Structures are given as C-alpha cells and as structure tokens.
Amino acid sequence: MTAMIGLFPTCLGDAVHPRVVTDSARVLRAAGVDPAPIPGATCCGQPAWNAGFTREARRVARRTLRAAAGLDAVVVPSGSCAAMMRLHWPQLFAGDRDAALAARVAPRVFELSQYLVEELGAAPIGSPTGRAVAYHDSCHMLRELRLHDPPRVLLRGVAELEELPRSDRCCGFGGAFAVRYPDVSTAMADDKLATARAAGAETVVSADPGCIMHIEGRASRTGAAVRVVHLASVLAEAL
Amino acid sequence: MSGFSRRAAAALADPVRHENVRRFSERAHDHRSASVERVDFEALRDAGERIRSQSVAEMPALIDEFQANLERAGAIVHRAATGADAAAYVAEVVGRHGREVIKGKSMASEEIGLNERLAADGVDVVETDLGEFIVQVAGERPEHIIIPAIHKSRDDVRRLFEPLAGRPIGDEPADLTDFARAHLRERFLRAPVGITGVNFGVAETGTVVLVENEGNGRMCSGVPRVHIAVMGMERVVPRLADLATLLPLLIRSGTGQKITSYVSMIGGPRRGDEGDGPDELHVVILDNGRARVRETPYASVLRCIRCGACQNACPVYRHVGGTAYGWVYGGPIGAVLSPLLRPGEGLDELPQASSLCAACDDVCPVRIPLHDLLIGLRRDRATASAGAMERLAFRLWSLAWSRPWLYRLSTRAARAVVNTRGLTPVMQLPVIRRWARTRDLVGKR
C-alpha cells in the first residue's frame, strides 16, 4: 500500500500565496511523492491559540485534525503552522475527546524541508541555477521545530547560498502583532530589509508565507530592491 | 491608542534614542553569544534551572533560613509585604542617620519608588552606578535592567554632565567617567547611609551577594556607617556552592564577561575586631506580589536572575527600550512580570507586545519558558472582560473556519482582494488599514 501524503496549504497559502502550494506539490512530486489535497482541512488554529483563545483554536483545528486523520504524513509549507500542529496540537487537545487523535497525528506533521531532507533524504532536488539567495530563518521553524539545516541543504543544491546577517531575528510579522502594533512591527521588517541590503542579497528565501507576506509587503512599499520568495518556489524553479 | 503603542511610538520617534538602544542591546547580545560559546553553557543552564526552581519551590523556608543566619551575624532583617512598606522602613532607618544617601544599582528600589520616597523626606540620594547616575541626572528611568543608560549617547552624557561640572568635559568616555568619579567620590566619603540591591541571598550562610563592575556597590556597602540592602524575596538561593553556577550564568548572560570586576559577599555588619564595614546592616526582603505569583502557574518567572539577556535578544525591545513597557522591567521579562506583580494597573496589555519569536527562551540562563508564559497571560486576558471584543471576533472566526465551505469562501474572497493589489475599498477596513498603512499585501511585480 502506498503511503498517503497530504499537502496542507495553510490559510496564507490559500488566501495570499497559492503559488507556494502549487510549487510545494511540484517539488514533492519531483522527490517521488504524490501529495494529495486534504479535503475538509481549513486552518491549524494558530491565530486563536497565540491570542489565548483556546476554545476557538480547538474548534478550527479540530476540523483540520480530523481531516488529516487517515494520512501517513502531512506536509506543510510553513514552519509556523507545522510547529503549531506538531508541537502545540497535543497541548491544545489535552483532555479533549480528540486528544488521542492529536497525539497520533502531531508527529506525522512535517514542515516541507524537514520532510524532504529528514524523512525522504531527498536532497538535492533540482539542479544548480547559480543564482544567489539568502535564507531568513522563521522564528517557529528555527526555535520551536529546530530546523536550521534542512532548508539550507536544499537551497545549496540549487543556488549560491549566502548567510544573511542575523538571519534568526524575527521579521516582525507575528500574526495579530503586525496589526496590533504596526509601528513596531514595521520597524522590525525594516531591520530585516536592512540586513538584506547590507549583505547585498537580491533574493531572500523563507519557508514561511507569513514572513514572506510581511517582508515582501514592506519591501514593495519602500521600493527595496529585494525579491522575497518561498523555498518551494526556489526549488520548483530549479526543476 | 494603547499605553504601549503610545510609548512605543514616542520611542520610535526619537532617532538618536532608537539607534542607541538598538546598537547597544545588539552589542550586549553579541558579547553574550561569544561568551557562552566558550563554556558548556547548556549544562550550566540546566544546573541553573534546577537551582532556581528549587529556590522558588522552597522559598518560604529558604527565606527563614537566610533571615536567621543574617540575624545571627548581627544584621537586621525587615520583611516588607508591599513596596510602600519597604520604602517606609528604609526611609525610617535613613532618617535616624542623616540626610544623605549613596545608592548602588537596584531594580527592586525602582520597583518601590524609593528615591521618590526619600526625596519626600528631604533626603539627598545620589545614584552611584554610572548608568544610573546618568539616568538620575537626566531625570529619567532606567531603560534596561543592567544597562540603565542604554539609550544615551556620549554626546547625551556630555550635555548632562557639563552643566553639573560647570566646565566643558567633551564626549570622551574616559573624561566623562573621570568627572563622575570625582563628583561621586566626595559623596561616598560623606554619606552616612548606603543602599544597594542584592543579586543573590544565600540561605545556608546568610550571605548577601553583589555583582558589579564599577566598585560603587562595594563602596555603598562598605564605606558608610549604615548599609541597607533591598532584595526581592525571590533572590534567595539554597547553598553557597550554587554561586559557582549562578555567577557565571548571570555574568556571561548579562555582560559576556567571565567574571565581573567586583563580586562582594557580605556576611553581616562590621564586627568588633574588624576595621571595615558598616556598623549596621539592614536587609529588606521585598515581597510586593512575589509570594502571590509563586502560587500561580507563572511561578517560574521568579527564577529570573535579572541578567537582561532577554531584553538584548528581543526584536521588540530593541525598537522601544524598557520604559515603553510602562513599569520598571522592560522586554520579555517585563511583559511577563509586570502584569503579574501589578495586576489591574493597565499592564495586562504587555504580553501582546511580543511577536512570539521565542528568542527570549533561547537565551534565558535559567530557562524560564517566557514564550509559554506570554501565551498563558494572553489566555487569562482572553477570558477576562478586557478581551470581550476580541473574543467576539475570534468566536465568529472560529465558527466560519470550522466550516470548510465558509473557509473556502473567505480565502477566495481574500485572494480576490490580494489580486487587486490592494486597490479596493476593503483595504480601508480598520484592521486591514493597520497593515496597509506601511505595507503592501503582496509585492508589486
């Protein structure tokens, strides 16, 4: 029996960056996996969880959790959503009727590069393009999932990877934080763009649609000459 | 506009201050990063977490032991339930001895408004830590737990010191420090009372430990006839040997040094046959909400050893500084501690003032789970009346997004807005406008 692999698009993938989802699917197929959509899945519940609204987070996450019940792996092109599902779902559903299901599904959730590199051992994917890229570490992917190397391994296969100074510093998105404190959040995005400029990076790569939306949105507004691209798109372009 | 937003906007609007906080907190963070690589810091953190967890768990008994040992050595111990109580006690002791006080760095004294209390009695208090002195001359508050004048440039300091000196000093750090040294020296020799904070209080020996680099703490504790040490009650630790773990954790995390220039271990007032030290040693053990916090799920915040590493690592702090957090403690530790110690005083917004990036968790020397505590406090607020509007919004959101067809409908609608490149009246909706004022929705390509 072939393993059932689901690709979870994430709400930002559905609403803002659909190309992230199609590129992720292409990359997975290139690695020999045929990812299926996950009918009935909506959102991981993180916005409410981070805001402290546990019941509301559970209500939404339950839908996605149950939709993922029969899958052998759930691949997520977002470090932040993957961290929510992998690490916080068991907490979110503790003592709940779906606690056992959450405990079973959580370890089967993988961030895209984690799945490709650590589960499939699929690197390299794509061929070298000679293009220079710098990688931005997204907070939850780095400090919760502890995924430092997998995206870099993949990027080195297709591009000249430069290290972005203070690549681990938050871009200022932070979900609701970005609209609750727009001035501070924007100053943080400017920090990120300043390090990219100082490093001469023309392309900044991230594995999180939230960071991309924030850094790109600020770069676009200020006319900064930097492209902000999802890891999946960089890989897909090199196929 | 919320209190934090207002104070943050003011901080961001001052480019010199903004740049100073950014530069100096970044430098402190880099010093820390380089320093912790030279030792097995993770093992130290594990040990530090164990010691401090034990300190918090056994706090009442440890405080009793600490007090008994201090009293045996001839010190006078006062336990203060509130800040006002602590300040009143200190004021009373000072009043018995004179009208001049020299003071070492102490965030606990900031917490209890000690300088204001003493000033009301006509007591002349001078801060002797260079950073605190700068902040005092400026009539401001410390911006950072261990770098109080982090927001000041050399030129700022020059402009503060020259009127005091009545002569030009220039902006060379050595000249500025020379002035402060000479200015403070007289006071050190004259003041009848010295007040300091306490970094650690060792229960098994009744030892008051002071960690500093300028020697002013040793002067304040050793030169005047009376030394008053103000200690947050959570600073108690079980054993003298624990310092072998806690001192390197504190110092490497705070300044990146191996050891500070001065570590004073004070075992009581001067005894008959000793040449140095104060005749009287008072130790004020401050509760001010700590015992209450110890009974909550947030007790782990009491492990804090006030190193400032979370402030230096925080991407929010670096833009707004410490006073933007509205009380004594800024940065992640302040966002957790302030609403806990001062409930119902408008500080419960602070846990929101974080992007939840978890950089604080990675540097905390005693592994306080700041990220989890921030979310926990948000959870408390969500169930309190303060969160009513937000609760309604999240309820509606959850009702919609727990239905796949409504989820699909709303994400498609959102995509339609995105595809207009933001050229739609939707962009004027209140929440979206807060994004769109400084950022596009997607790149213009």
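A, B, ... follow the sequence lines: proteins, then strands. Residue 1 opens every chain. In this text, all values refer to a predicted model and were calculated from it rather than measured experimentally. Quick note: numbers below take in every heavy atom, side chains included, and nothing from hydrogens, waters or symmetry partners.
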Asker: Which residue in the set A:Asp191, A:Asp183, A:Asp190, A:Thr186 passes side-chain hydrogen bond (donor to acceptor under 3.5 Å, both in side chains) when paired with B:His319?
Answerer: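 Single pass found, and it is A:Asp191.
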Asker: Among B:Ala358, B:Ala8, B:Ala393, B:Ala400, which residue forms the greatest number of heavy-atom pairs with chain A at distances under 4.5 Å?
Answerer: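 So the answer, after comparing B:Ala358, B:Ala8, B:Ala393, B:Ala400, is B:Ala358.
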Asker: Given that the side chain runs from C-beta out, which part of A:Glu144 has a heavy atom under 4.5 Å from chain B: side chain, backbone, both or neither?
Answerer: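 Only the side chain of A:Glu144 comes within 4.5 Å of chain B.
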Asker: Measuring only between side-chain heavy atoms, which start at C-beta, is A:Met188 closer than 4.5 Å to B:Val316?
Answerer: yes
Asker: Test the B:Arg378-A:Trp49 pair against the cation-pi criterion, namely NZ or CZ under 6.0 angstrom from the six-membered ring centroid and within 45° of the ring axis.
Answerer: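 Relative to the ring axis of A:Trp49, which defines the angle, B:Arg378 lies outside at least one limit.
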Asker: If you count heavy-atom pairs under 4.5 Å with chain A, which of B:Ala359, B:Ala313, B:Gly376 comes out on top?
Answerer: B:Ala359
Asker: Check step by step if side-chain contact (heavy atoms from CB on, under 4.5 Å) holds for B:Ser402 and A:Arg62.
Answerer: CA-CA 8 Å; B:Ser402 56; A:Arg62 188 186 310 284; over 6 Å; no
Asker: Please find the pair of heavy atoms, one from A:Gly45 and one from B:Trp397, that lie closest to each other, and give the distance.
Answerer: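 Shortest heavy-atom separation between A:Gly45 and B:Trp397 comes out as CA-CH2, 4.1 Å.
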Asker: With chain A, which of B:Pro315, B:Ser410, B:Ser2 has the greatest number of heavy-atom pairs at distances under 4.5 Å?
Answerer: B:Pro315
Asker: More than 12 heavy atoms of other residues, nucleotides or ligands under 6.0 Å from CZ of B:Arg412: yes or no?
Answerer: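 No, CZ of B:Arg412 has 12 or fewer neighbouring heavy atoms, counting only those of other groups under 6.0 Å.
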Asker: Are B:Arg379 and A:Thr54 packed together at the side-chain level, in the sense that at least one heavy-atom pair is separated by less than 4.5 angstrom?
Answerer: yes
Asker: Determine the option with the most heavy-atom pairs under 4.5 angstrom with chain B, choosing from A:Ala219, A:Gly175, A:Pro18.
Answerer: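 Highest number of pairs under 4.5 Å: A:Pro18.
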Asker: Check whether A:Arg63 reaches the backbone of B:Arg403 with its side chain - one donor and one acceptor, N or O, closer than 3.5 Å.
Answerer: no
Asker: Flag the pair A:His17 / B:Val442 as yes when at least one side-chain heavy-atom distance between them is below 4.5 Å, and no otherwise.
Answerer: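 Yes, their side chains come closer than 4.5 Å.
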Asker: Closest approach of A:Ala51 and B:Ala382, non-hydrogen atoms and distance?
Answerer: O-CB, 4.2 Å
Asker: Would you name the heavy atoms of A:Arg59 and B:Ser398 that are closest together and state the gap between them?
Answerer: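 Residues A:Arg59 and B:Ser398, closest heavy atoms: NH1-OG, 2.7 Å.
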Asker: For the interface with chain B, which of A:Arg218, A:Met213, A:Arg58, A:Arg169 has the highest count of heavy-atom pairs at distances below 4.5 Å?
Answerer: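 The residue among A:Arg218, A:Met213, A:Arg58, A:Arg169 with the greatest pair count is A:Arg169.
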Asker: Check whether any side-chain heavy atom of B:Trp401 lies under 4.5 Å from a side-chain heavy atom of A:Cys11, and answer yes or no.
Answerer: yes
Asker: So, do B:Arg395 and A:Phe53 sit near enough that their side-chain heavy atoms are less than 4.5 Å apart?
Answerer: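 No. Closest side-chain heavy atoms not under 4.5 Å.
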Asker: Hey, is CD on A:Glu202 packed in by over 12 heavy atoms from elsewhere, all under 6.0 Å?
Answerer: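 12 or below, so no.
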Asker: Measure distances from B:Leu399 to the heavy atoms of chain A and classify the residue's part below 4.5 Å as side chain, backbone, both or neither.
Answerer: both
Asker: Is B:Arg391 close to chain A through its backbone or its side chain, or both, or neither, when contacts mean heavy atoms under 4.5 Å?
Answerer: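 Both backbone and side chain.
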Asker: Compare every heavy atom of B:Thr438 with every heavy atom of A:Arg221, then report the nearest pair and how far apart it is.
Answerer: CG-O, 3.4 Å
Asker: What distance do B:Ser355 atom OG and A:Arg180 atom CZ have between them, rounded to the nearest 0.5 Å?
Answerer: 13.0 Å
Asker: Surrounding CZ of A:Arg55 (heavy atoms of other residues, nucleotides or ligands, distance under 6.0 Å), is the total greater than 12?
Answerer: no
Asker: Count the heavy-atom pairs under 4.5 Å between each of B:Ala353, B:Ala416, B:Ala413, B:Pro351 and chain A, then report the option with the highest count.
Answerer: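 The option with the most such pairs is B:Ala353.
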Asker: Could you tell me whether B:Glu26 and A:Arg166 make a salt bridge, using a distance below 4.0 angstrom between a side-chain N and a carboxylate O?
Answerer: yes
Asker: State, to 0.1 Å, how close B:Tyr407 and A:Asp14 come at their nearest heavy-atom pair, and which atoms those are.
Answerer: OH-OD2, 2.7 Å
Asker: Which one of B:Asp362, B:Val320, B:Leu12 has the most heavy-atom pairs closer than 4.5 Å to chain A?
Answerer: B:Asp362
Asker: So which of A:Gly172, A:Ala48, A:Ser80 has the largest heavy-atom pair count under 4.5 angstrom toward chain B?
Answerer: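 The residue among A:Gly172, A:Ala48, A:Ser80 with the greatest pair count is A:Ala48.
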Asker: Mind listing the closest non-hydrogen atom pair of A:Ala178 and B:Arg439 along with its distance?
Answerer: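 Shortest heavy-atom separation between A:Ala178 and B:Arg439 comes out as O-NH2, 2.9 Å.
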Asker: Of all of B:Ser5, B:Ala9, B:Ser354, which one pairs up most often with chain A through heavy atoms under 4.5 Å apart?
Answerer: B:Ser354
Asker: Report the option among A:Ala67, A:Gly174, A:Ser220 that has the most heavy-atom pairs separated by less than 4.5 Å from atoms of chain B.
Answerer: A:Ser220
Asker: Under the side-chain contact (heavy atoms from CB on, under 4.5 Å) rule, what do B:Gln352 and A:Tyr181 come out as? Steps first, then yes or no, please.
Answerer: CA-CA 9 Å; B:Gln352 311 287 340; A:Tyr181 303 108; 3.7 Å; yes
